[in-house]
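Below, chains carry the letters A, B, ... as their sequence lines are ordered, and counting in each starts from 1. Keep in mind the model is a prediction, meaning the values are calculated, not measured.
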Amino acid sequence: MEQIVAPSKMETFRRNLPVSLLKIKKEDLAASNERLLLNGFPNSRTEAWKYSRLNRIASLNLNTITSSPISWEHYSVTNEAYTFVFQNDRCIHFSQDLPDGIMVKEAAHLSLEEWKTLDINSHVIDINKTHAQNGLCLWLRKGVSLTKPVQLIFISSGTEQAAIHRNQFILEKNSKMEVIISHFSIDGQKNYKNIVSEFHLEENACLSVNKLQNEEGEDFHFSTENIHQKNNSNFSLTTLTLNGNWVRNDVNVFVDGEGCETFLNGAYLSKGIQHIDNHTTIDHMKPNCNSYELYKGVMDEKSTAVFNGKVFVRPDAQKIAAFQSNANVLIGDEASVNSKPELEIYADDVKCSHGSTIGQLDEEAIFYLQSRGISEKTARRLVLTAFMQDVFEKITSPVVVTFLNQVLSKRFNWDLSVLEED
Amino acid sequence: MITIKNLHANIDGKEILRGLNLTVKAGEVHAIMGPNGAGKSTLASVLAGRDEYVITEGEVEFQGLDLLSLSTEDRAREGLFLAFQYPVEIPGVSNVNFLRTAINEIRAYKGQESLSAKDFMSLVREKSALVELDSKLASRSVNEGFSGGEKKRNEIFQMAMLAPKLAILDETDSGLDIDALRIVAKGVNQLKSPDNAAIVITHYQRLLDYIVPDFVHVLYKGQIVKTGGKELALELEEKGYDWIKEAHPTV
């Protein structure tokens, strides 16, 4: 329950934000406005925000001014993709060269009837609903299998800029695609990014999403992914948080069909005073489904992380196999993590497991490697890379693996290829 | 090869080594025996560079270098090798990739070029055959899921790959059955040359049937209290350590 603390803070926060340019049902908008007015920002007594304080965000003085032009090509993870680029509040590149069977629109051009909004609320989604400027909406037609990925790039620049977007992906029956969503920041100072993406998978649809967060600077980042799965659909999301000042990821999966598979993988690596929060919910509404969730993190220096993973199995959802694991290594003396796995099972014929570990690097292993002539630095890198390896090896997109390699070697001096050879 | 003079070391304020002296020359095999708690494993740890131990006195010269001033990795790069009593499992790090990293870091230290993947793999095949280590084990994670015998064979395999000047075998025989013991000993004997040396630390005489030492030292209360030839090991096996303890009550 979100409590009333200081609604005026929320009003001040929203004061300079433009109203939403999207066509959203009047009653939905009114409900969001009312909740924001009534509840304001959640405080630390609100369980979902207990470890992610919003004070610094609430006091931002946001605006949307015309941003200086940037060249985005440098930030493209791959050229072999249908690419859509957003800088702060606007779309700066919209791929026109699309094959048959796929339809795209800017979110601002969608009609009321074309929105297919899931019923889920949070102050983040409410702010998004009431202030979203644009986004990508995509329909993949029945039976279509895309050979190239769709790439969305969100770049923030400037100071105290708001980038609020809403994406919608509809995958019709038997369709298949891959999406790469990447986030960057160019000299970002206290920018606020709030991206909500909804994925609707119809029967037998297959979607793989790789989300890459690699923001320099001091931005505040909120990502929300809401997923609805129908019978025999397959959804996988890999969240790689490699850089970012303050990052909150909310993933909500409604497994509303039988025979579905759901994969949530996450890797987070933090330094300095960064804060990375992953909240996930998998709601098994129907029987005969599998879900696998694996999140791993390495926290250095004074950085902090949060993992909260909920798995619900509803009363009639029998024969569910749900696996969840969160493992953390603290390499900084002042780093910390709060990990909370939650299972709520109301069916009796299910196989569910969860686990959470927080540890430090095995110094005995480091010494062993050093005693074979390996420098301490390389030894630490080898052991850490090995720790993250089972998340990394679930990435099926070669271009994402290449990107990951580049960032890891540049930012952390890691070399994944050491583990791949031979 | 190595000269240890008046070495004193403690851990958590407790003195373990109390003025140890030992000289090992190239081509020699030295056995160090002694009762539990004598300081045998401490000696191995101190020489390898484990930093929990505080050295309060003494010096160690290794091939003309001040060993104690070198980092653990530099000691290895200069040719010191420790076969662990309890080899560490490192999930996710494969045996061969870690060895290739090690060999190439050692080569870089010596100003040599990296070993090619092909040359490296043929070295792996040659040396794993030496200790009858299944080539599948060579590509698995370091020691993960290995039996006790496999772990010890893996230590000797690594030793063969790195070709050290001085090998220190810390109770390599503990937990080994007779067949594994024979294989490990065979590996050690085949690596023996006039240019290198070995210090074999053991609690029992058994291993010394297979690895024949030139000298046997008895370590007791942090000092070497008796030195002899290989027959000293047999005498210890027969009489136990009590007569040593009685002869040195005040050490």
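A donor-acceptor contact closer than 3.5 angstrom links the side chains of A:Gln274 and A:Asn243.
With a 4.5 angstrom heavy-atom cutoff, B:Asp74 does not touch chain A via any of its atoms. Heavy atoms of B:Pro87 lying under 4.5 Å from chain A belong to its backbone as well as its side chain.
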Carefully, step by step, assess A:His221 and A:Ser223 under the rule side chain to side chain donor-acceptor pair (under 3.5 Å). CA-CA 7 Å; A:His221 177 121; A:Ser223 269; 2.8 Å; yes
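Using a cut-off of 4.0 Å between Lys/Arg side-chain N and Asp/Glu carboxylate O, A:Lys271 and A:Asp300 are scored as not salt-bridged. Ion pairing of B:Glu57 with B:Lys5 is absent here, as no side-chain N (NZ or NE/NH1/NH2) approaches a carboxylate O to less than 4.0 Å.
Aromatic pair A:Phe263/A:Tyr292: centroids less than 6.0 angstrom apart.
Among the candidates A:Asp362, A:Val383, A:Thr378, the residue making the largest number of heavy-atom pairs closer than 4.5 Å to chain B is A:Thr378. The candidate from B:Glu105, B:Glu78, B:Met159 with the greatest count of non-hydrogen atom pairs under 4.5 Å with chain A is B:Glu105. Ranking A:Arg372, A:Met388, A:Glu376 against chain B, the residue ahead of the rest is A:Arg372, based on heavy-atom pairs under 4.5 Å.
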